[in-house]
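In what follows, every chain begins at residue 1, and chains take the letters A, B, ... in the order their sequences are listed.
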There are 2 protein chains.
Amino acid sequence: MLTIGKLGEAAGVKVPTIRYYEQIGLLPEAERSAGNQRLYGRKAQERLAFIRHARDLGFTLEAIRDLLSLSDRPDQSCAAADAIAKAQLAEVESRLARLTALKAELERMVVQCAGGKIADCRVIEVLGDHSLCATDHRHPETEATQ
Amino acid sequence: MLTIGKLGEAAGVKVPTIRYYEQIGLLPEAERSAGNQRLYGRKAQERLAFIRHARDLGFTLEAIRDLLSLSDRPDQSCAAADAIAKAQLAEVESRLARLTALKAELERMVVQCAGGKIADCRVIEVLGDHSLCATDHRHPETEATQ
DNA sequence: CCTAATGTCTCTAGCAACTATAGCTTCAAG
DNA sequence: CTTGAAGCTATAGTTGCTAGAGACATTAGG
């Protein structure tokens, strides 16, 4: 059995984050030692690794909650899991497209800056006037973290 | 002079967001009408457009605060503005790289899912075991919004 | 066996950048 | 003159954590 610190080290997750996951019900309430400290077995370790990995892939905690409850029912169809992953892929692709446009615009800005005075600065000028932009990078939909 | 609603419409910014920007000092306190409603002139409109555009390009409010105070001093060197833009470009490039790796991994996951039962689902399986991954997408640095 | 240094406990508050709600006042149209 | 939209303030909620305070538990060394 691992203490919370060892578990965190093993999974690459900070201790308060583990307690937070428990608090929001993503991890079950841990067993406690005689002195009221949390103890974790292999199942908890796997579950935390799952969460960590899904977070690394950009899934929201809500999506992970769904994925976890799906993985608890191995005999069901995996269509739902597939749909969640596809949605995440679509999300990533859309952010990728957007970021690519941003990158182009920022590069243009930076390259054009001649390094003189603010009054002649392309960076400031372009920021003040979207019509100077080549691409349409106007914030298209709501974005998540990362 | 525009009311806050008209200003928001013109700039593509929601009304509470404008009030929020004023609250955190990104916009100056607006003039008020006899009935205590905010009124905005062209200068405020330009400033808001600047903020909006910079937000669209992914700059943080903190960076925008700096850029705005730079743009208020036209005779100074634009090196600082250039540096902020370059930092933002670097940030975008790093997120782009990360998202590209995520996309590849998600695609692999989704493609391999045969659409059977959860027990055989590649999506669930891969999430549970990072060593099944082709790329190393482990969260490398702290990420900002978008 | 005692002490000091960690580690863990709970609880609360904070971060970015808004968004939403409640309960009120003001304004513009008919 | 009335009604409905738009404005006002103030507070709380969102996501996914992170940081702090103050108290208890555990462990390594002397």
**OP:** Ignoring backbone atoms, establish whether B/Thr17 has a side-chain N or O less than 4.0 Å from OP1 or OP2 of C/dA17.
**Re:** no

Subject >> Nearest-Å distance for atom pair CE/C1', residues A/Met1 and C/dG7 >> reply: 18 Å

Subject >> Between C1' of C/dA20 and CD1 of B/Ile18, the distance in whole Å >> reply: 17 Å

Original post:
With hydrophobic residues grouped by side-chain heavy-atom distances under 4.5 Å, do B/Leu39 and B/Val15 end up in a single group?
Top reply: no

Subject >> Gap between atoms CD and C1', on B/Glu62 and C/dC15 respectively (whole Å) >> reply: 12 Å

**OP:** Treat primed atoms plus P, OP1 and OP2 as sugar-phosphate and everything else as base, then score nucleotides 3-13 of chain D 5' to 3': B for base contact with protein heavy atoms under 4.0 Å, S for sugar-phosphate contact only, - for none.
**Re:** ----SSB----

Subject >> Under-4.0 Å side-chain N/O to phosphate OP1/OP2 contact, B/Tyr21 with C/dC18 >> reply: yes

Subject >> Length of the line joining B/Phe59:CZ and C/dC18:P, which is rounded to integer Å >> reply: 15 Å

Subject >> Any A/Ser33 side-chain nitrogen or oxygen under 4.0 Å from OP1 or OP2 of D/dA25 >> reply: no

Original post:
For the pair made of CD1 in A/Ile64 and P in D/dG16, what is the distance, rounded to whole Å?
Top reply: 8 Å

**OP:** Give a yes/no answer on whether the side chain of A/Lys14 brings an N or O atom under 4.0 Å of OP1 or OP2 in D/dT18.
**Re:** yes

Subject >> A/Tyr20 OH - C/dC9 P separation (whole Å) >> reply: 18 Å

Original post:
Is the backbone N or O of A/Gly12 less than 3.5 Å from a side-chain atom of A/Arg52, with the two atoms forming a donor-acceptor pair by type?
Top reply: yes

Original post:
Are A/Arg38 and A/Thr3 close enough that some pair of their side-chain heavy atoms sits under 4.5 Å apart?
Top reply: no

Original post:
Any side-chain heavy-atom pair from A/Leu67 and B/Ile124 closer than 4.5 angstrom?
Top reply: yes

**OP:** Find out whether B/Gln37 and B/Ile4 are in side-chain contact, i.e. whether some heavy atom of one side chain is under 4.5 Å from a heavy atom of the other.
**Re:** no

Subject >> B/Leu7 reachable from B/Ile24 in the ILVMFWY side-chain graph, under 4.5 Å edges >> reply: yes

Original post:
Is any side-chain heavy atom of A/Ile51 less than 4.5 Å from a side-chain heavy atom of A/Phe59?
Top reply: no

**OP:** Specify the separation, in whole Å, of atom CG of B/Asp56 and atom C1' of C/dA17.
**Re:** 14 Å

Subject >> Atom pair distance, as rounded to whole Å: CG in A/Leu27 and C1' in D/dG16 >> reply: 14 Å

